[in-house]
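Within every chain, numbering begins at 1; the chains are lettered A, B, ... in the order of the sequence lines, protein sequences first and strands thereafter. We use all heavy atoms of the structure for the numbers below, so side chains are in, but hydrogens, waters and symmetry mates are not.
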Protein chains: 2
Amino acid sequence: MSDSNLALEEEECRRFQISVELAGRKWSAAILMAGARGARRFSEYRALVEGISDRLLAARLKELEQEGLIERDVQPTTPVSISYNLTPSGRQLISLLHPLVTWSRTRQSATTH
Amino acid sequence: MSDSNLALEEEECRRFQISVELAGRKWSAAILMAGARGARRFSEYRALVEGISDRLLAARLKELEQEGLIERDVQPTTPVSISYNLTPSGRQLISLLHPLVTWSRTRQSATTH
DNA sequence: TAAGCTGCTAACCATTAGTTAGCGAAACAG
DNA sequence: CTGTTTCGCTAACTAATGGTTAGCAGCTTA
């Protein structure tokens with residue numbers, strides 16, 4: 001088995017798989033991008049992530065919060081306003097995924113649909 | 001809206017989202033990793049990607065082939081042997097995702113489950 | 001008064017994932 | 001010659017996830 005620079009051990013493969021599948025769950029990447037683009041409030045995310053429904057947005061925000069990629073702050077104003085912010089870990093994740101932007105551009109010309 | 005270095009335009013956001021969700025589909029990353037680790041035959045992938053079923057492996061290989069990340073070669077031996085190889089594009093994708101290995105390590109200490 | 005925004009949740013159907021079984025043809029073991 | 005195994009799949013079915021629509025309480029705005 002060759003390709004030594006791309007090969008990982010079992011344990012690392014598992015963690016790698018888990019991470020990619022976390023980021024790649026439907027809407028997750030788009031939500032994190034929205035956070036990076038400045039979204040804070042629920043409705044700002046809904047506006048930036050086009051096509052997502054309230055239900056899925058609420059579900060993903062909760063999930064990303066549990067994973068420590070987003071944090072939920074409740075401001076005790078009247079009425080309360082809730083803001084969702086990227087954590088350093090979440091911010092780092094999208095910056096690591098950023099190279100895929102270029103990759104996706106090169107791919108368009110190569111694909112047949 | 002700040003975070004200029006992480007922000008993208010609409011169009012690029014869409015492509016970014018599509019790419020991450022492609023790579024992040026269940027088993028996709030693990031299959032590409034298996035290819036990078038040297039798997040060629042169907043059964044080699046099945047052995048390296050632990051937990052996957054025949055059905056899903058067949059489905060993902062077909063899908064990744066359509067996306068131009070893997071190519072399927074039929075050797076006219078008796079019986080025919082089929083080999084699945086990463087394309088340059090597929091190889092580039094996993095190498096771009098590689099930084100997530102380190103990221104996933106730092107995350108373990110920060111998460112609460 | 002009516003209408004709308006905010007951040008959700010409930011109820012429901014559609015799509016995707018996961019499990020188990022089996023298939024034809026060839027190789028291999030007895 | 002007769003099992004049994006391997007290879008690369010597919011069919012049939014259940015479980016999990018995703019998507020759609022509606023609505024809610026508490027406020028603001030017209």
Side-chain angles (χ1 to χ4, degrees), chain A residues 14 17-35 37-67 69-86 113, chain B residues 14 17-35 37-67 69-86 113:
Chain A
R14 256 195 301 280
Q17 185 185 348
I18 290 169
S19 298
V20 180
E21 289 176 8
L22 168 62
R25 250 187 124 178
K26 222 155 204 168
W27 305 113
S28 291
I31 290 170
L32 293 172
M33 270 304 305
R37 290 167 80 197
R40 294 289 169 266
R41 312 290 301 276
F42 189 94
S43 44
E44 289 172 0
Y45 282 91
R46 188 170 42 199
L48 280 180
V49 181
E50 69 172 308
I52 199 172
S53 67
D54 285 9
R55 199 195 88 140
L56 270 269
L57 178 55
R60 284 293 173 273
L61 285 172
K62 198 173 288 180
E63 187 175 297
L64 293 171
E65 190 197 350
Q66 278 169 6
E67 296 291 343
L69 306 184
I70 273 188
E71 66 175 0
R72 183 178 186 268
D73 295 324
V74 182
Q75 262 88 25
T77 51
T78 329
V80 293
S81 85
I82 291 151
S83 98
Y84 296 93
N85 301 290
L86 294 186
H113 63 63
Chain B
R14 255 194 302 278
Q17 185 185 346
I18 289 169
S19 298
V20 180
E21 289 175 9
L22 168 62
R25 250 188 124 179
K26 223 153 205 170
W27 305 113
S28 290
I31 290 170
L32 293 172
M33 271 305 305
R37 291 168 79 198
R40 292 289 170 265
R41 310 291 301 274
F42 191 92
S43 43
E44 290 172 358
Y45 281 91
R46 188 169 43 199
L48 280 180
V49 180
E50 68 172 309
I52 200 172
S53 66
D54 284 9
R55 200 198 87 141
L56 271 268
L57 178 54
R60 284 294 171 273
L61 285 172
K62 198 173 289 181
E63 187 175 296
L64 292 170
E65 188 197 353
Q66 276 168 7
E67 296 292 343
L69 306 184
I70 273 187
E71 64 175 3
R72 181 178 188 269
D73 295 323
V74 182
Q75 261 87 24
T77 50
T78 331
V80 294
S81 85
I82 291 152
S83 97
Y84 296 94
N85 300 290
L86 294 185
H113 64 63

key: Distance in angstrom units between A/D73 CG and C/dG7 C1', rounded   = 15 Å
key: B/R41 side-chain N/O to B/I82 backbone N/O, donor-acceptor pair under 3.5 Å   = yes
key: Distance below 4.0 Å between B/S43 side-chain N/O and D/dG8 OP1 or OP2   = yes
message = Go through it in stages, so that I can follow the logic: the residues are B/E44 and B/L48, the test is side chain to side chain contact (heavy atoms under 4.5 Å, CB included), and I'd like the CA-CA distance, side-chain angles, deciding distance and then a yes or no.
response = CA-CA 6 Å; B/E44 290 172 358; B/L48 280 180; 5.7 Å; no
ask   = What's the CD-P distance between A/E65 and C/dG7, to the nearest Å?
value = 14 Å
query = For B/E44 and D/dT6, what is the distance between atoms CD and C1' respectively, to the nearest whole Å?
reply = 13 Å
Write down the protein N/O and nucleotide N/O pairs, taken from nucleotides 11-21 of chain C, whose separation is under 3.5 Å; answer none if there are no such pairs.
unit_1 : atom_1 : unit_2 : atom_2 : d
C/dT16 : O3'    : B/R25  : NH2    : 3.4
C/dA17 : OP1    : B/R25  : NE     : 3.3
C/dA17 : OP1    : B/R60  : NH2    : 2.6
C/dA17 : OP2    : B/R25  : NH2    : 3.0
C/dA17 : OP2    : B/R60  : NH2    : 3.0
C/dA17 : N7     : B/R55  : NH2    : 3.4
C/dG18 : OP2    : B/W27  : NE1    : 2.7
C/dG18 : N7     : B/R55  : NH2    : 3.4
C/dG18 : O6     : B/R55  : NH1    : 2.6

query = Checking B/R60 side chain against B/K26 main chain: does a donor-acceptor pair fall under 3.5 Å?
reply = yes
ask   = Would you say a side-chain N or O of B/K62 is under 4.0 Å from OP1 or OP2 of D/dG8?
value = no
request  = Locate the shortest heavy-atom distance separating A/L61 from A/F42; write the atom from each residue and the value.
outcome  = CD1-CD1, 3.9 Å
key: Between P of D/dG8 and OH of B/Y45, the distance in whole Å   = 11 Å
ask   = Could you state the CZ-P distance from A/R41 to C/dC5, rounded to the nearest angstrom?
value = 14 Å
key: Side chain B/Y45, main chain B/Y84, donor-acceptor under 3.5 Å   = yes
inquiry  = Minimum heavy-atom separation for A/V20 and B/A23, please, with both atom names.
reply    = CG1-O, 3.5 Å
key: Evaluation steps, side chain to side chain contact (heavy atoms under 4.5 Å, CB included), between B/L57 and B/V49   = CA-CA 9 Å; B/L57 178 54; B/V49 180; 5.6 Å; no
List every contact pair, protein side and nucleotides 24-28 of chain D side both N or O, where the distance is under 3.5 Å.
none

ask   = Given A/I70 and A/R72, is the side chain to side chain contact (heavy atoms under 4.5 Å, CB included) satisfied, shown in steps?
value = CA-CA 7 Å; A/I70 273 188; A/R72 183 178 186 268; 5.7 Å; no
query = Please give, in whole Å, the distance from C/dT9 C1' to A/L57 CG?
reply = 13 Å
A/K62/A/E65 ion pair, N-O < 4.0 Å = no
inquiry  = I need the CZ-C1' distance between A/R46 and C/dT6, as an integer number of Å.
reply    = 8 Å
task = Check the distance between D/dG8's P and B/I31's CD1 and give it to me in whole angstrom.
result = 14 Å
